Amino acid sequence: MNAAAARAARIKLAGQRQAALALARQRLVIGLFLFGALIGVVVLRLLMLAVLEDRSGQGNRDAFAGLLPPRADIIDRNGVALARTFEAYAVTVRPSQLVNPPEEVARKLSQIIPSLSEAALLQTLKSGRNFAFIQRRVLPEVAEAINAIGEPAIALEREPDRLYPQMNLASHVLGFTDIDGHGRSGIERADDGRLIDRAMRDKPVQLSIDARVQQALEGELYAGMVKHQALGAAGVVLDARTGEVIAMASLPSYNPNNVGKATADQLFNRATLGVYELGSTFKTFTIAMGLDVGTIKSMSQRYDAIQAVHIGRFTIHDDHPQNRMLTVPEVYIHSSNIGTARMADEIGVPTQQDYVRRLGFDAPVDIELKERGRTLTPNPWGRAALLTVGYGHGIAVTPLHLATGYAAVVNGGIWRPATLQKVAPGKAATGRRVFSAATSQQMRALMRLVVLDGTGRKAEAPGYRVGGKTGTAEKAQAGGYARRSLVSNFAGAFPMDDPRYVIVAMLDEPKGTADTYGFATAGWVVAPIISKTVSRIAPMLGVAPKDDNEPSVDALQQYVWRPKSEQH
Amino acid sequence: MIVLGSRFRTLALVAAATASAVSCYMISLKVSAERSQNQRLKLGIARDLGAIRYLQAELGTRSRLPLLEQWNAGVLALSAPKPQQYLDAAVELATFTGDQPGGMEAKVIPAVVVDEDQPAAVAPVQTVAAQPAPRKQAVVTVAYQPATTEAPRRPALLQTASYPTAASSGLLGRGVLGEIREAAAAEAGKLAKAGTR
């Protein structure tokens with residue numbers, strides 16, 4: 001090996017070492033970065049744990065957990081509370097573990113809760129049982145006083161307590177809960193699952209009910225019921241366009257805060273569970289059917305109201321006999337049974353059955369409540385049934401059925417199910433068409449005419465254009481009808497030029513008074529209730545009063561004959 | 001300098017490490033203090049919300065609608081406004097007094113202001129609120145139109161200086177109004193001054 005070759009080899013070796021050194025450095029830097037990154041991650045994680053994350057074990061949930069009610073509130077369409085739940089105290093005792101003498105404890109307890117008798121308390125305390133309730137739903141002050149007795153066997157337990165701040169108001173709509181907190185009636189029962197659902201119970205259930213309207217309806221119905229010594233009353237205010245129930249009342253009502261004291265009659269919901277033969281209010285549907293299928297071709301078409309109609313063992317008479325040929329508006333405003341029976345005869349059984357089915361009168365009323373009565377329809381549905389159903393006998397439905405039916409008549413012909421849930425604007429159920437829009441238009445004018453010129457004059461609420469039909473039916477009893485027991489009702493809508501609300505009121509067995517000249521028929525006893533109620537609720541519901549007369553009604557006046565003395 | 005640096009290097013490193021540890025601990029302490037305060041605040045809010053809920057329920061129960069109706073029937077006797085009491089526009093309101101001679105030339109005084117010097121011209125708003133059991137004639141509906149048949153177009157919402165005093169109309173005579181004023185003076189006087197002037 002010569003020197004040149006050796007130098008070259010040394011140079012080559014030095015290059016290799018340099019390259020190896022550079023590589024080692026590079027790896028060291030990479031290792032440094034890796035360690036640095038690792039430390040960075042640890043520091044960041046520590047920061048996250050210390051600053052951002054809550055490790056104290058007391059999260060937001062705990063602070064507000066006490067606010068989550070065990071059962072959701074119920075509010076009306078404007079947010080007024082109708083039902084709420086609170087933690088209440090229940091006083092319990094373990095008689096077997098009593099330390100103090102029972103006589104002394106009983107004496108002290110009866111001093112604190114005067115409604116409990118000392119003797120009964122003593123009996124409970126001496127019973128030796130393992131557990132007994134002394135009093136449920138006691139006030140905090142009372143609970144404190146009981147605590148001060150210092151008897152270890154007496155314990156105060158917290159339990160959820162349902163409160164209905166409005167007392168009797170809308171009691172049949174709301175219903176009540178049992179001691180275990182489950183709904184037993186009304187919305188409490190129908191919506192039980194939703195009300196106790198953990199995910200949703202912080203949000204209240206909003207009903208379509210308007211508490212103010214409900215109060216007005218209940219107040220006026222109650223006044224009418226007391227005045228006419230009726231057994232009961234029912235009323236419905238329905239949004240004609242959406243099917244929302246704005247108010248629904250059944251009297252006598254009960255206090256859901258104290259259901260134990262309520263009688264079976266008070267608990268009975270007359271508006272959805274009670275079925276009644278509603279009489280002449282049904283004539284509206286018969287005339288609408290006639291107009292719709294074309295058997296009534298013109299308002300001037302005349303029907304014989306001179307001869308009573310005989311069918312089988314029945315004879316159909318008129319309650320307000322006119323004894324002449326009547327035009328369609330006259331049949332309606334004088335509420336002629338004979339005239340309507342003849343109209344029904346023209347319509348025929350299959351068509352009538354079809355309309356009754358489409359109006360939902362063959363099934364329990366379509367609403368969220370579980371308390372729904374089965375309707376009664378004729379069986380067999382022969383010609384006799386055809387004629388009697390024509391003027392509202394032989395068919396029994398609930399007042400709410402009647403309201404949904406009237407909504408279909410006045411709102412342009414669309415039937416929609418009734419609902420107790422608030423419906424957002426434009427979200428109304430599609431519904432089904434029962435009558436044509438033209439029929440609906442004609443019926444509105446006829447209904448307005450009844451209030452202006454017919455049996456429903458006393459239902460007029462000046463400015464609010466009420467229209468409707470009275471109905472008075474004798475109550476069915478074993479072997480026929482009770483002449484003196486009437487069901488008087490009125491079904492109508494307002495404002496009649498563009499109906500927005502349907503109103504139905506019914507009195508069960510009203511008695512005539514001096515100012516009604518002894519009459520207990522709907523025109524005398526129920527129509528004034530409608531007038532007063534509408535005057536009160538229409539402004540709340542945003543219906544502006546107007547004095548003009550509707551031209552469509554003026555056009556109908558020509559078909560109504562009046563004696564010389566009444567002409568104007 | 002370099003010697004000094006190398007000598008105190010360890011000390012400086014220890015000091016830096018201690019300082020950073022202490023500052024980290026301070027941050028942690030500060031955060032936990034803030035958090036516990038936050039928690040206390042939340043608990044306070046929750047407690048207050050519970051109390052608000054309780055009070056709302058109590059208020060709702062005390063002012064329940066059936067009771068209000070009972071009071072109205074027994075004492076206040078307010079009734080629903082009549083259709084004529086609704087006015088569509090401001091122009092209608094202005095012409096409301098048109099049938100009174102010289103009515104519009106006079107200065108318009110809002111009805112809610114009670115003038116101490118004019119015994120007869122007591123505004124209906126005050127009297128209804130303050131008088132627990134007004135006589136039937138003196139009952140004024142919610143929209144403040146006095147129930148009178150003698151002067152159907154009486155300007156109930158507005159009073160004009162030239163308007164004949166109610167004493168001369170007979171219906172709201174001096175006797176009734178004097179009685180109302182006496183009862184109302186104590187309660188309504190303060191309210192009127194504080195609330196409307």
Side-chain angles (χ1 to χ4, degrees), chain A residues 43 46-47 49-56 58-60 62-67 69 73 80-87 140 163-170 211-216 218-220 222-223 253 255 257 461-464 532-540 544-547, chain B residues 20-21 23-74 78-89 92 141-143:
Chain A
V43 166
L46 278 173
L47 265 175
L49 287 176
V51 181
L52 298 174
E53 258 178 53
D54 189 356
R55 312 287 293 175
S56 60
Q58 299 171 307
N60 303 355
D62 294 347
F64 294 97
L67 286 180
D73 292 353
V80 176
L82 298 175
R84 306 192 107 169
T85 297
F86 290 96
E87 291 278 298
L163 174 79
Y164 301 90
Q166 302 285 340
M167 304 283 169
N168 286 33
L169 192 76
R212 302 165 305 165
V213 177
Q214 178 78 23
Q215 175 55 39
E218 282 189 20
E220 297 301 341
Y222 183 73
S253 60
N255 182 354
N257 293 304
Y464 298 113
K532 285 181 200 151
T533 311
V534 171
S535 312
R536 277 177 71 176
I537 67 174
M540 295 176 195
K546 204 164 76 174
D547 280 332
Chain B
S20 69
S23 65
C24 275
Y25 179 68
M26 291 298 280
I27 289 172
S28 178
L29 205 66
K30 177 81 180 151
V31 165
S32 89
E34 287 285 330
R35 182 161 290 135
S36 69
Q37 203 178 353
N38 192 8
Q39 185 67 19
R40 264 202 304 282
L41 200 65
K42 269 182 196 160
L43 281 171
I45 291 170
R47 209 173 29 244
D48 289 348
L49 282 174
I52 288 170
R53 206 176 131 78
Y54 206 91
L55 287 173
Q56 271 178 345
E58 182 169 344
L59 206 63
T61 312
R62 285 182 193 276
S63 64
R64 57 188 185 269
L65 289 163
L67 193 69
L68 292 184
E69 170 135 5
Q70 214 176 316
W71 286 346
N72 187 43
L78 299 172
S79 64
K82 307 269 176 302
Q84 308 89 279
Q85 290 173 281
Y86 288 90
L87 304 175
D88 287 334
E92 244 180 276
T141 52
V142 187

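In the text below, chain A, chain B and the rest are named by the order of the sequence lines, each starting its count at 1. All values reported here derive from a predicted model rather than from experimental measurement.
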Discussion item. With a 4.5 Å cut-off on side-chain heavy atoms, are A:Val80 and B:Arg64 touching?
Written reply: no
Discussion item. Go through it in stages, so that I can follow the logic: the residues are B:Leu68 and A:Gln215, the test is side chain to side chain contact (heavy atoms under 4.5 Å, CB included), and I'd like the CA-CA distance, side-chain angles, deciding distance and then a yes or no.
Written reply: CA-CA 10 Å; B:Leu68 292 184; A:Gln215 175 55 39; over 6 Å; no
Item to complete: Measure the spacing between OG1 of B:Thr61 and CE of A:Met167 and express it to the nearest 0.5 Å.
Response: 6.0 Å
Fill in: Atom OH of B:Tyr25 with >12 non-hydrogen neighbours under 6.0 angstrom
no
Worksheet item: So which heavy atom on B:Ala80 is nearest to which on A:Ser535, and how close?
Response: CB-O, 3.5 Å
Worksheet item: Given that the side chain runs from C-beta out, which part of B:Ile27 has a heavy atom under 4.5 Å from chain A: side chain, backbone, both or neither?
Response: side chain
Worksheet item: Less than 4.5 Å apart, any side-chain heavy atom of A:Gln166 and any of B:Pro66?
Response: yes
Practice prompt. Return the option, out of A:Leu163, A:Asn168, A:Leu169, A:Thr85, with the maximum number of heavy-atom pairs under 4.5 Å with chain B.
Written response: A:Thr85
Discussion item. Do B:Arg53 and A:Pro69 have side chains that approach each other closer than 4.5 Å (heavy atoms only, starting at C-beta)?
Written reply: yes
Item to complete: Run the salt-bridge test on B:Glu69 and A:Arg536 with the 4.0 Å N-O cut-off and return the result as yes or no.
Response: yes
Response to the item:
Correct closest heavy-atom pair for A:Tyr464 and B:Pro81 would be OH-O, 4.4 Å
Practice prompt. Please flag which part of B:Arg62 lies under 4.5 Å from any non-hydrogen atom of chain A: side chain, backbone, both or neither.
Written response: neither
Item to complete: Answer with side chain, backbone, both or neither: which region of B:Gln56 has an atom nearer than 4.5 Å to a non-hydrogen atom of chain A?
Response: both
Discussion item. What part of A:Ala81 gets within 4.5 angstrom of chain B, counting heavy atoms only: side chain, backbone, both, or neither?
Written reply: neither
Practice prompt. Measure the spacing between CG of A:Leu47 and SG of B:Cys24 and express it to the nearest 0.5 Å.
Written response: 6.5 Å
